[in-house]
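So the structure is just underneath, and the comments pick up after that.
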Amino acid sequence: MRTIVFVETNKAGSSREAIKAAERLGYFTVLLTNRKNFIYQRTEFPDVHQMILVELSDYDKLKKILVKLQKQGKQIKGILSFVDPFVHVAAALSEEFCHKGVSADPILKMENKVLTRELLKDLPMSPHYAIYTADESLEKFIQKQRKYLPLIVKAPLSAGSKDVLLAKSENQLKLAIQKLLKKSEQILLEEYLTGPQYLIEVLVHNGKVHIVAIIEQQITFLQRFIVTGYCLLPDINQRLYNSILETVSSILKAFQMKNGACHLEMRFVNGAWKLIEINPRISGGAMNRIIEVGFGINLVEETIQLMLGNEPYLTRKHSKYVYAHYLTVDSRGKLIKVTGKNRISQYPGVEEVYIKPQQGQILRPPLSMGDRCGYILASSDVKEEAERFARNAASKIRFYLDPI
């Protein structure tokens, strides 16, 4: 029985769509998860043929489970993850059990933001950064860094804007470092960059870099930096495209990535590209659907093909602008109901309406990407129209909360 094993998933978004794609391709799907609630909600995962609850940090336990699956007659063709921080774990297991796919070493370096900065420190797209460890004098460290304020303060393994703080003053810098030290022994400081921000979705096949999609991001600073808008750009100035390809290629050359998927977030600062971060997977949330609606490419499916040793098919079936507008709430409370979804689904240009929280769930203003409450996906042959369709539809959604 041809089997693909997935290490963790979310209930919706790119990681879940990858499991659905594997089932569609005719594979038996196994999910290794540490989320007990998924076991209780088993009927909500019909695309998962076998679900196993396991502590994902226990590598030896994972290996024993895979051996057991093989003894059951399951031919493990791939071991994948589309969820931080398990992409490297899956790649290491794949190297051991499948003897093909991607190399785990570049993924390990991408998952750790300190390792990424150290690797790329001599390249022009690398901004100023500094690393603080608890055995240093905090006061002396801050004195050295104060000339670079404002600064972004991060935990090395942060994802989805969790544990990413803005420090505009010495006092804010001190408080941010002290806060993150409770979670991490190392703290990463980065130059605060201004300029338009883009997300670049990439597949690398036999060393060749394929830029699948370029997405313009709308960043909203609430208590954290939250991406609230994504605009897929089907057409881009050739000179700008060439500069993106050159920058991305030099970064991936430094990582020595031969086969794999990743996305990069970059800002265009004073005519030059600066790397915000890189992650060894497709972006989560609506990203797979954005690219599918805009180009007719199912990126998670093509990533699976790549991981199985096949050549990905990345030719566009069509080309249009897609705008994803994310929904948030501005106060904390228990969700009573959501209205407007059915009505706006019929609006011109609206491709998809996704509401994440369920009745009774506690909502709050976003402290991470995971606190976003859903999205509206709209498309058009005109960029401004796609955004207007999405924003207009989003304005009709109402979250009714019981204040806490």
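- Counting all heavy atoms, side chain and backbone alike, I304 lies closest to A18 at CD1-O, 3.3 Å.
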Stepwise ring-ring contact (aromatic ring centres under 6.0 Å, His included) test for F389 and Y347:
CA-CA 8 Å; F389 285 156; Y347 278 22; 9.4 Å; no
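- Checked against a 6.0 Å centroid threshold, the rings of Y323 and Y230 do not count as neighbours.
- When each of K20, R16, R24 is checked for a salt bridge (charged side-chain N to carboxylate O under 4.0 Å, His left out) with D47, only R16 meets the rule.
- Between H205 and E311, the side chains place no donor N or O within less than 3.5 Å of an acceptor N or O (distance only, hydrogens not considered).
- At least one cation-pi condition fails for R281 and F82: the charged atom is not both under 6.0 angstrom from the six-membered ring centre and inside a 45 degree cone around its axis.
- Contacts of K121 classified as salt bridge (Lys or Arg N to Asp or Glu O under 4.0 Å), with partners at least two apart in sequence or in another chain: none.
- K356 and Q361 share no side-chain donor-acceptor pair at under 3.5 Å.
- Residues passing the side-chain contact (heavy atoms from CB on, under 4.5 Å) test with P127 are R117, E191, L193, sequence neighbours excluded.
- Ring-plane geometry between Y198 and W273 is classed as perpendicular, the angle between the planes exceeding 60 degrees on a 0 to 90 degree scale with a lower cut at 30.
- Taking the ring axis of Y321 as reference, the NZ or CZ atom of K383 does not stay both within 45° of it and closer than 6.0 Å to the ring centre.
- For the residue pair T29/E23, the side-chain donor-acceptor check at 3.5 Å is not satisfied.
- Here the rule is side chain to side chain donor-acceptor pair (under 3.5 Å) with Q145, and of E170, H128, K140 only H128 fits it.
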